[in-house]
Amino acid sequence: MSSAVRVRFAPSPTGALHIGGARTALYNWLVARGRGGTFVLRIEDTDRERSTPENVEQILDALRWLELHWDEGPHSQSARAGRHREAIDRLVSEGRAYEDEGAVRLRVPDEGSTVVDDAIRGEVRFEHAAIADFVIARSDGSPLYNLAVAVDDLDMGITDVVRGEDHLSNTPRQVLILAALGAAPPRYAHLPLLHGSDGKKLSKRHEAASVQELRDRGYLPAAVRNYLALLGWGFDAETTFFTTEELVERFSLDRVSRAPAVFDEKKLRWMNGRYLRELAVEDLTRMLEERIGRRGLAPAVAIAQEKMQTLEEFWPLAGFLLERRELDERAWAKVMRDGAPERLVRAREALAGVKPFAEPEIEAALRGLVEEVGAKPGEVFQPVRLAISGTSISPGIFESVALLGQEETLARIDATLARV
RNA sequence: GGGGGCGUGGUCUAGUGGUUAGGACGCCGGCCUUUCAAGCCGGAGAACGCGGGUUCGAUCCCCGCCGCCCCUACCA
């Protein structure tokens with residue numbers, strides 16, 4: 001009656017949602033949003049051994065975090081056992097399926113073939129001769145995957161099935177079930193799989209970052225969406241950054257790649273850094289304060305923002321601005337040699353005389369000292385950096401010193417000098 | 001074994017019967033407030049899996065091969 005698109009994301013709750021599943025969810029969501037359709041969420045929990053409520057909650061949580069909101073569901077597949085049973089009974093009574101050692105098998109024609117018209121791969125033909133009569137119900141009567149999927153997609157009015165390529169080989173079975181039920185199949189689109197760096201399909205076994213791991217490591221949902229969208233899809237020769245609106249507008253299944261892709265966290269990090277820098281300082285501050293559980297981070301955030309790639313990096317990079325830290329031995333060994341202590345003494349003297357204690361004055365003083373002692377900038381700045389931060393990495397040195405204040409800066413330098 | 005899918009630099013991708021095969025990450029070098037990061041500039045890195053064909057001409061068309069992956073469960 002209506003031509004509106006209805007897509008579904010149907011994860012099996014056997015573990016956390018990993019990036020492959022997240023990408024499938026994203027593509028479904030983009031199809032729905034881009035065509036004014038409905039995004040249905042269905043939990044395929046018919047494997048009672050492995051499906052747990054905790055896993056279901058994890059998946060919902062991951063989707064919420066990614067801001068991939070569903071319009072319908074979550075439907076529980078196991079709750080639809082009655083419907084599956086009806087379909088099985090009907091197939092048996094109509095002679096389309098038969099009992100075999102307690103289980104029920106679908107009759108697959110010996111001749112002919114089933115053609116799947118895939119939006120991404122074109123027509124894919126499967127000869128019936130290669131498909132044996134397969135089991136659709138266990139001997140305890142419970143439905144098997146292919147039966148449940150076919151019936152659910154049919155009942156839920158799914159118009160487009162967008163899922164991983166690992167399901168392509170099972171598609172003719174589902175089409176056959178649908179045909180036996182007298183129904184037409186939906187349109188299919190099988191996405192290329194995401195592989196681990198070992199070339200195998202991504203699974204829970206892999207280092208495979210789950211969505212919550214990405215969140216814990218400080219990635220932003222928008223960056224993850226942008227990155228994931230590009231894993232298997234490209235718009236043109238140069239565009240890399242897409243707002244979510246642009247994604248919705250430009251995404252299309254026919255531009256999805258056919259070859260499997262490998263998740264590259266390095267690139268995600270880079271992209272996340274770009275998103276992080278786009279954030280208003282107040283927003284970034286709020287996120288970090290919530291994450292770290294303390295307030296008053298704004299000044300530190302302001303000078304650290306341009307050096308972070310993930311939220312997780314903030315504290316190691318800028319925590320010294322809020323509290324003293326242990327000295328990093330390796331940094332010490334690298335920096336405090338060849339007269340560095342003497343230069344630090346000189347730097348302390350120079351800083352002690354800075355008034356007002358603000359960034360321009362601090363910079364002038366330290367640069368003046370560099371001139372005076374005829375050293376390379378780093379030979380003066382690094383000891384100071386080590387003294388105030390405990391390490392060799394920090395936000396800009398002048399900003400950092402200014403933020404710390406004169407008293408604290410001098411105190412830290414003294415403490416460092418006392419160690420020499 | 002059978003069936004199916006896929007094959008552009010390390011990775012993600014753009015691309016067309018005739019292009020110096022484009023972009024991005026990463027990598028190397030330079031600049032910059034040293035380090036790290038960002039930014040900017042420059043660089044290395046792909047004979048477009050291999051072999052045949054079709055064609056005046058193939059990365060893009062056809063065939064074969066090889067490789068990888070998926071399915072082939074009373075898992076999903």
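Only a predicted model underlies this, so the values are computations on that prediction, with no experimental measurement involved. Letters A, B, ... mirror the listed sequences (proteins, then strands); counts begin at 1.
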Side chain of A:Glu165 - closest among B:rG5, B:rU11, B:rG3: B:rG5
Ion pair A:Arg90/A:Glu94, N-O distance below 4.0 Å: yes
Whole-Å distance separating the CZ atom of A:Arg105 from the P atom of B:rA73: 9 Å
Axial cation check for A:Phe134 ring with A:Arg173, 6.0 Å and 45° limits: yes
Gap in Å between the two C1' atoms, one belonging to B:rC74 and one to B:rG51, rounded: 46 Å
A:Gln309 side chain near B:rA38 phosphate (N/O to OP1/OP2, under 4.0 Å): yes
Nucleotide nearest A:Arg173 (side chain, heavy atoms from C-beta), chosen from B:rU13, B:rA38, B:rC71: B:rC71
Flag side-chain contact, heavy atom, 4.5 Å: A:Pro11 against A:Leu41: yes
Residue-phosphate contact under 4.0 Å: A:Arg274 side-chain N/O, B:rA24 OP1/OP2: no
Under-4.0 Å side-chain N/O to phosphate OP1/OP2 contact, A:Thr14 with B:rA76: no
Residue matched to B:rC66 through Watson-Crick or wobble contacts both under 3.5 angstrom: B:rG7
Candidate nucleotides B:rC25, B:rG7, B:rU72, ranked by approach to the side chain of A:Ala259 - the nearest: B:rG7
Integer angstrom distance from the C1' of B:rC12 to that of B:rG26: 11 Å
Contact under 4.0 Å: A:Arg255 side-chain N or O vs B:rG15 OP1/OP2: yes
Identity of whatever pairs with B:rC60 - Watson-Crick or G-U, under 3.5 angstrom: none
Separation of atom CZ in A:Arg258 from atom C1' in B:rC69, rounded to whole Å: 16 Å
Phosphate OP1/OP2 of B:rA76 contacted by A:Arg138 side-chain N/O (<4.0 Å): yes
Upstream residue (5' side of RNA chain B) when A:Gln77 and A:Pro395 are each assigned their closest nucleotide: A:Pro395
Candidate nucleotides B:rC36, B:rA38, B:rU33, ranked by approach to the side chain of A:Lys307 - the nearest: B:rC36
Rounded interatomic separation in angstrom, taking CD from A:Glu399 and P from B:rA37: 17 Å
Sugar-phosphate only, base, or nothing, as touched by A:Leu231 at under 4.0 Å among non-hydrogen atoms: sugar-phosphate
Candidates B:rG7, B:rA76, B:rA38 - which lies nearest the side chain of A:His167: B:rA76
Closest to side chain of A:Asp264, choosing from B:rC69, B:rA76, B:rG10: B:rG10
Nearest-Å distance for atom pair CD/P, residues A:Glu44 and B:rA76: 9 Å
Whole-angstrom distance between B:rA37 and B:rG22, as gauged at atom C1': 28 Å
Separation between the P atoms of B:rC62 and B:rU55, rounded to whole Å: 16 Å
Sugar-phosphate only, base, or nothing, as touched by A:Gly232 at under 4.0 Å among non-hydrogen atoms: sugar-phosphate
Side chain of A:Phe398 (C-beta onward), nearest among B:rU33, B:rA76, B:rA37: B:rU33
RNA chain B: 5'-proximal contact among A:Thr240 and A:Ala10 (nearest heavy atom): A:Thr240
Close side-chain approach of A:Thr243 and A:Leu247, heavy atoms under 4.5 Å: no
Between B:rG15 (C1') and A:Glu238 (CD): distance, integer Å: 11 Å
Face-on cation placement of A:Arg23 at A:Tyr27 ring, 6.0 Å and 45° thresholds: yes
Who pairs with B:rG1 - Watson-Crick or G-U, where each distance is under 3.5 Å: B:rU72
B:rU11 and B:rC27, which share atom name C1', separated by this distance in whole Å: 12 Å
Interatomic distance at P, B:rU20 relative to B:rU59, whole Å: 14 Å
Any strand: nucleotide that pairs with B:rC48 via Watson-Crick or wobble, under 3.5 Å: none
Check: A:Tyr145 ring centre within less than 6.0 Å of A:His167 ring centre: yes
Rounded distance (Å) that lies between atom P of B:rG4 and atom CG of A:Leu191: 21 Å
Worked check of salt bridge (charged side-chain N to carboxylate O under 4.0 Å, His left out) between A:Glu57 and A:Arg64: CA-CA 10 Å; A:Glu57 193 39 55; A:Arg64 287 189 200 106; 3.2 Å; yes
Touch class at under 4.0 angstrom, heavy-atom based, for A:Ala130 against every strand present: sugar-phosphate
Any-strand Watson-Crick or G-U partner of B:rU35, both distances under 3.5 Å: none
Interatomic distance at C1', B:rA58 relative to B:rU16, whole Å: 11 Å
Carboxylate-amine/guanidinium contact A:Asp155 A:Arg83, below 4.0 Å: yes
Nearest to side-chain heavy atoms of A:Val124, which nucleotide of B:rA24, B:rG4, B:rA37: B:rG4
Rounded P spacing from B:rA44 to B:rG18 in Å: 26 Å
Identity of whatever pairs with B:rC40 - Watson-Crick or G-U, under 3.5 angstrom: B:rG30
Closest to side chain of A:Arg277, choosing from B:rA24, B:rA37, B:rA14: B:rA37
Integer-rounded Å distance: B:rU33 C1' and A:Ile303 CD1: 13 Å
A:Trp233 CH2 - B:rG23 C1' separation (whole Å): 14 Å
Touch class at under 4.0 angstrom, heavy-atom based, for A:Tyr145 against every strand present: base
Touch class at under 4.0 angstrom, heavy-atom based, for A:Asp236 against every strand present: sugar-phosphate
A:Arg42 NZ/CZ over A:Trp70 ring centroid, <6.0 Å and within 45° of normal: no
Nearest listed nucleotide, side chain of A:Glu363, among B:rA24, B:rA37, B:rU33: B:rU33
